[in-house]
Amino acid sequence: MGNKSRAFELITEDEMIRIGRFAKDKQTPFLAIDLNKVGQRYDELAAQMPGAKIYFAVKANPLDEVLKLLADRGSCFDVASRYEIDQVLALGVPPERLSYGNTIKKERDIAYAYEKGIRLYSTDSLSDVQKIARVAPGSMLNFRLLLDGAGADWPLSKKFGAHPDMVYKLVKSAKKLGLDPYGVSFHVGSQQRDIGQWDNAIALVKYLFDALKEDGIRLRCINLGGGFPAQYLKPTLGMSTYTQSIIQYLKEDFPDDDLEIITEPGRSLVADSGIIVAEVVLISKKSDTNRTRWVYLDIGKFSGLIETSDEAIKYPFIFPGHEGRGEWSEAILAGPTCDSADILYEDYKYMVPNTLKEGEHVYILTTGAYTMSYSAISFNGFPPLQAYILK
Ligand SMILES: *Cc1c(COP(=O)(O)O)cnc(C)c1O
């Protein structure tokens, strides 16, 4: 029975009825977002880390309704492009609540952000620091540390951040160029399962703060990034275990400092709020003697489930009407497009009811993060993933 009961732990009877009703008059696949859950997650984090500012990573779920709800609660936003800047500002969020957190920026986009009033930027290279100094003079900088992403289901390793010695040099260059070195940022990797990774990162930050203090530069912010958990197939510790541990690490390394703390949650605020409803398109076998069924859905890697790459993120699946009934067996789950990469799970075998039929609905849980924002716009002509606010 494997994952079956785990998936069912993550949805209530009422939610099953609600999503079933909601799906009745809709084309699949679609994503339904329960805004109440997003609000709950935000409130939990805000209560657990009372001094910290929350910058929601817009890329995780850029639905206007989600951004608006968070904005109304006082959230700040981590934006990565001029398009995200435009979207968030258009919702009436003041520019002081935005951080341009992408370290990969065109100079004209930095100029654009500055013109719009954004004064907080993340950086990890000399060239980027110089660009910011030219077109966003005096701005505040968070310097991103390179981490290896160990322990994360979806690591962001290598691409972002600089070695601590490099960060040290960047801070000094920035100061010379008239910028305001504000703090150090890092990201331990998304869906990080090893809380100790924050301990390592904070120790590195401490080392940098101390080294710079000797040079008369006092950094005053630690940006703890994202990486906080959502509930997928494999259970994780709860959010409060993460925040309590992190607060402890901060106390140990910075006992007396009056620091500003930033968190940049993406996944942990929105993932659990989303359910994708998909339809079974085809069930087949590759030969008479092969026992494993292939179950093809109308959603795949290119319509929102790209985080199934390398089977990194294992979404919980619900087969409505089959729970607790009949025989189940292992199956390979795949998407509908004509690309051989469009297989969701092959090595990890999901248990699927033997009586599952083509045309039936499948619920894919914990899909509120990194789904609609990753969906291709017309691969094989399939439209991008439709998203609704669950009513
Ligand atoms: C994507 C991203 C986040 C969000 O990470 P999660 O693991 O989804 O919480 C935070 N900060 C930055 C800079 C990011 O790129």
Side-chain angles (χ1 to χ4, degrees), residues 38 41-42 44-46 48-49 52-63 66-67 70 75-81 83-85 88 97-105 113 118 120-125 128 141-162 167 182-195 197-198 201 205 221-232 236-239 242-243 246 261-274 306-307 312-313 315 366-374:
V38 179
R41 290 294 185 275
Y42 179 89
E44 276 167 25
L45 178 58
Q48 288 166 14
M49 297 196 80
K53 274 195 190 160
I54 299 173
Y55 283 73
F56 174 63
V58 171
K59 71 176 187 291
N61 188 317
L63 269 183
V66 168
L67 302 180
L70 293 172
S75 185
C76 301
F77 296 89
D78 174 60
V79 291
S81 69
Y83 312 103
E84 285 186 351
I85 291 170
V88 176
R97 284 211 246 154
L98 269 56
S99 162
Y100 198 159
N102 193 346
T103 57
I104 305 159
K105 306 183 272 302
I118 297 175
L120 179 58
Y121 300 82
S122 292
T123 192
D124 63 4
S125 68
D128 188 56
L141 293 185
N142 273 318
F143 297 85
R144 178 132 171 207
L145 265 180
L146 175 69
L147 300 177
D148 66 6
D153 283 2
W154 192 258
L156 308 163
S157 59
K158 290 188 197 142
K159 182 168 175 184
F160 302 103
V167 169
Y182 177 53
V184 171
S185 65
F186 57 79
H187 196 304
V188 294
S190 200
Q191 188 69 6
Q192 177 56 263
R193 292 175 181 277
D194 175 10
I195 303 178
Q197 295 297 326
W198 274 275
V205 174
C221 172
I222 302 180
N223 179 336
L224 301 166
F228 303 104
Q231 294 299 326
Y232 295 105
T236 42
L237 294 164
M239 190 62 193
Y242 281 70
T243 50
I246 291 168
I261 302 295
I262 286 178
T263 60
E264 287 176 343
R267 188 184 303 280
S268 61
L269 292 194
V270 289
D272 298 345
S273 73
I306 195 72
E307 287 199 319
I313 297 292
Y315 295 106
T366 325
T367 41
Y370 303 118
T371 50
M372 53 167 290
S373 49
Y374 266 140

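Start at 1 and go down the list; that is how both ligands and their atoms are numbered. These values consider heavy atoms only, across backbone and side chains, with no hydrogens, waters or symmetry-generated copies. These figures come from a predicted structure and were not determined experimentally.
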**Q.** Amino acids in close contact with ligand 1, where any non-hydrogen atom sits under 4.0 angstrom away
**A.** A57, K59, D78, R144, H187, S190, G226, G227, E264, P265, G266, R267, Y370
Report all side-chain donor-acceptor pairs from residues 52-61 shorter than 3.5 Å, counting only partners two or more places apart or in another chain.
unit_1 : atom_1 : unit_2 : atom_2 : d
N61    : OD1    : L63    : N      : 3.0
N61    : ND2    : G368   : O      : 2.9

Q: Using a 4.5 Å cut-off on heavy atoms from C-beta on, say whether the side chain of F160 contacts that of N102.
A: yes
**Q.** Test item: F143 and T123 side chains (from C-beta on) under 4.5 Å apart, heavy atoms
**A.** yes
Q: With the side chain counted from C-beta on, respond yes when F186 and N223 share a heavy-atom pair under 4.5 Å apart, and no when they do not.
A: no
Q. Partners of R267 by salt bridge (charged side-chain N to carboxylate O under 4.0 Å, His left out), sequence neighbours excluded?
A. E307
(Q) Checking D128 now: which residues fulfil salt bridge (charged side-chain N to carboxylate O under 4.0 Å, His left out) with it, not counting sequence neighbours? (A) K105
